[in-house]
Amino acid sequence: PTSSPFDSASDAFRLRPDVASRGKLSSDYRVDASGAACAACAPGSTNAAGDSVPGSETTCDVTYCAVDEYVDRRNVCQPCDAGTENPVDPVTGLGDPATTARTEANCVAPDPCDASAAPTNGGVGD
């Protein structure tokens, strides 16, 4: 078994004294509001390694799924099933945030009456 640099197995951690002198966090951890401890990023979000403890509070970045992807039960983006789609939000231009609950229900068959999605036929039959 590997040794953890943290005192607790919960989401909020305090660095052990032998690690605190190094004070650089691994990826997917952030500095909490106290500035003296670190916390794991929420599922579906990330943070680059290197935040310093003690230090100012840092945040994790939300991961967004690409077009035609959904969020699975592990907060990981997965492709929609063949024949279904999950477009990005038309206002933000972003897909489903991976921090949300499962979104496979957002993968739906294309609407055949949606003129913006229908192939054009060069005006024939319009």
Side-chain angles (χ1 to χ4, degrees):
T2 58
S3 171
S4 170
F6 306 107
D7 284 334
S8 171
S10 70
D11 285 343
F13 302 93
R14 296 237 177 253
L15 289 172
R16 292 189 331 230
D18 62 316
V19 179
S21 62
R22 288 181 248 151
K24 297 289 184 185
L25 300 181
S26 300
S27 62
D28 300 333
Y29 287 90
R30 63 178 182 80
V31 178
D32 75 1
S34 75
C38 64
C41 290
S45 64
T46 60
N47 191 26
D51 290 352
S52 296
V53 176
S56 299
E57 181 178 16
T58 59
T59 60
C60 298
D61 299 316
V62 174
T63 300
Y64 289 91
C65 296
V67 65
D68 299 336
E69 289 185 338
Y70 70 93
V71 180
D72 72 9
R73 70 180 193 284
R74 297 178 327 253
N75 297 88
V76 175
C77 296
Q78 299 291 338
C80 290
D81 290 338
T84 64
E85 62 185 17
N86 186 7
V88 296
D89 184 286
V91 175
T92 65
L94 300 171
D96 294 340
T99 53
T100 60
R102 298 167 67 164
T103 64
E104 59 265 50
N106 292 352
C107 293
V108 296
D111 181 355
C113 296
D114 181 358
S116 66
T120 61
N121 62 2
V124 176
D126 288 342

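Along the sequence shown, residues carry numbers from 1. When reading the values below, keep in mind they use all heavy atoms of this one structure, side chains included, and skip hydrogens, waters and symmetry mates. What you are looking at is a predicted structure, and each value in this text was computed from that prediction instead of being measured.
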Candidate pair V108 and T84, rule side chain to side chain contact (heavy atoms under 4.5 Å, CB included), full reasoning: CA-CA 5 Å; V108 296; T84 64; 5.8 Å; no
For the student: nearest non-hydrogen atoms of [X] and [Y], plus distance:
X	Y	value
N47	R30	ND2-CA, 3.9 Å
E85	C80	C-SG, 4.1 Å
G83	P110	O-CD, 3.4 Å
S27	A49	N-CB, 3.5 Å
Y29	D51	O-OD2, 3.9 Å

About how many Å separate [atom2] of [Y] and [atom1] of [X], when rounded to the nearest 0.5 Å?
X	Y	atom1	atom2	result
D28	C41	CG	SG	5.0 Å
R102	D96	CZ	CG	13.5 Å
R73	Q78	CZ	CD	9.5 Å
T100	Y64	OG1	OH	9.5 Å
L25	C38	CG	SG	5.0 Å

Could you tell me whether the side chain of [X] and the main chain of [Y] form a donor-acceptor pair under 3.5 Å?
X	Y	value
D89	L94	no
N106	N86	no
T99	V62	no

Residues T46, D61; criterion side chain to side chain donor-acceptor pair (under 3.5 Å); working and verdict: CA-CA 5 Å; T46 60; D61 299 316; 5.2 Å; no
Within-4.5 Å side-chain heavy-atom neighbours: K24 and S52: yes
